Amino acid sequence: MMKEIYCQHCSKHIEDRGDLVVVQQGIWAIEPYHTKCYGAVAKGLSGLLVSGPINSRVYSLSIILTVIITIVAIFLDIQGIIKLVVLFYLLYVISMRAWSWLNYERHVST
């Protein structure tokens with residue numbers, strides 16, 4: 001059973017994955033927007049804990065780069081605390097992307 005996804009800005013139904021933009025607000029909050037609505041409210045979404053779209057190519061690239069940095073940190077002789085910070089950050093970005101997919105992206109058509 002498919003869950004209906006509604007835009008946080010206009011409260012209308014989001015039907016297509018191409019029109020879905022999932023944005024992180026705060027540490028764990030993620031919210032869905034239409035592409036046009038996100039463009040309209042993006043100026044107001046500023047702050048330290050606000051990111052760009054989670055379901056974007058840039059976010060996927062940041063995950064890949066974080067994986068590379070994590071692998072380098074594990075195999076090089078880097079202090080333990082730095083390895084832990086990098087590993088926790090990797091787990092964080094992967095969990096945010098997975099949460100976005102589980103809660104929103106899989107429920108809209110491609």
Side-chain angles (χ1 to χ4, degrees):
M1 184 161 112
M2 298 296 269
K3 174 173 99 172
E4 292 193 358
I5 307 300
Y6 295 95
C7 177
Q8 287 295 117
H9 182 67
C10 69
S11 300
K12 293 181 181 175
H13 183 253
I14 301 173
E15 298 177 10
D16 184 63
R17 190 176 294 174
D19 198 28
L20 173 68
V21 177
V22 181
V23 178
Q24 177 184 352
Q25 290 188 314
I27 295 175
W28 285 109
I30 59 174
E31 298 179 343
Y33 290 94
H34 284 108
T35 304
K36 290 181 182 179
C37 293
Y38 173 70
V41 300
K43 296 173 190 165
L45 295 176
S46 61
L48 180 63
L49 297 176
V50 175
S51 72
I54 292 174
N55 59 332
S56 68
R57 289 182 180 154
V58 172
Y59 198 84
S60 298
L61 180 62
S62 72
I63 291 174
I64 292 169
L65 290 174
T66 306
V67 167
I68 292 169
I69 291 169
T70 303
I71 291 169
V72 168
I74 288 172
F75 288 111
L76 290 181
D77 189 25
I78 297 177
Q79 293 179 347
I81 190 72
I82 295 173
K83 286 182 186 178
L84 284 176
V85 168
V86 170
L87 182 62
F88 282 128
Y89 180 72
L90 174 65
L91 293 174
Y92 176 74
V93 295
I94 290 174
S95 66
M96 291 305 292
R97 184 68 180 97
W99 190 16
S100 169
W101 185 83
L102 286 171
N103 284 326
Y104 300 116
E105 295 173 51
R106 72 183 179 125
H107 297 291
V108 293
S109 62
T110 54

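Nothing fancy with the numbering, it's 1 onward along the sequence. Predicted, not measured: the structure shown is a model, and the values here were computed from it.
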Exercise for review: Output all residues satisfying side-chain hydrogen bond (donor to acceptor under 3.5 Å, both in side chains) with D16, sequence neighbours left out; order by chain, then residue number.
Suggested key: none

**Study point:** Residue pairs fulfilling salt bridge (Lys or Arg N to Asp or Glu O under 4.0 Å) with at least one residue in residues 89-110, sequence neighbours excluded
**Key:** R97-E105

Check your understanding: With sequence neighbours left out, which residue pairs that include part of residues 69-95 fulfil the ring pair (Phe, Tyr, Trp, His ring centres under 6.0 Å) condition?
Key -> W28-Y92

Check your understanding: Donor-acceptor pair, H34 side chain versus S11 backbone, under 3.5 Å?
Key -> no

Practice item. Applying side-chain hydrogen bond (donor to acceptor under 3.5 Å, both in side chains), name anything that partners S62, two or more places apart in sequence or on another chain. Key: none

**Study point:** For Q8, side chain to side chain contact (heavy atoms under 4.5 Å, CB included) partners two or more places apart
**Key:** E31, P32, Y33

**Study point:** Heavy-atom pair of closest approach, residues I30 and M96
**Key:** CG2-CE, 3.2 Å

Check your understanding: Would you say K36 has more than 12 foreign heavy atoms packed within less than 6.0 Å of its NZ?
Key -> no

Point to revise | Minimum side-chain heavy-atom gap V86-L90 below 4.5 Å | key: no

Practice item. Identify, with sequence neighbours excluded, every residue that meets side chain to side chain contact (heavy atoms under 4.5 Å, CB included) alongside L76. Key: V72, I78

Exercise for review: Could you name each residue pair satisfying salt bridge (Lys or Arg N to Asp or Glu O under 4.0 Å) that touches residues 58-67, not counting sequence neighbours?
Suggested key: none

Review point. Out of curiosity, T70 OG1 to L65 CG, how far, rounded to the nearest 0.5 Å?
Key: 10.5 Å

Check your understanding: Which distance, rounded to the nearest 0.5 Å, do you find between the CD1 of I69 and the CD1 of I82?
Key -> 12.5 Å

Review point. Could you give the distance from CG (D19) to OG1 (T35), rounded to the nearest 0.5 Å?
Key: 4.5 Å

Study note, to complete from the structure: NE2 of H107 to CD of E15, rounded to nearest 0.5 Å, is 16.0 Å

Practice item. Using the salt bridge (Lys or Arg N to Asp or Glu O under 4.0 Å) rule, collect all pairs that involve residues 56-75, keeping only residues at least two apart or in two chains. Key: none

Check your understanding: Is Y6 reachable from Y38 through a run of hydrophobic residues whose side-chain heavy atoms are each under 4.5 Å from the next?
Key -> no

Practice item. Dump the intermediate steps for side-chain contact (heavy atoms from CB on, under 4.5 Å) on Y104 and N55, then the final yes or no. Key: CA-CA 10 Å; Y104 300 116; N55 59 332; over 6 Å; no

Review point. Is the number of heavy atoms from other residues, nucleotides or ligands within 6.0 Å of CG (L61) greater than 12?
Key: yes

Review point. What residues join W101 in its hydrophobic cluster, counting side-chain heavy atom gaps under 4.5 Å, either direct or through other members?
Key: L102

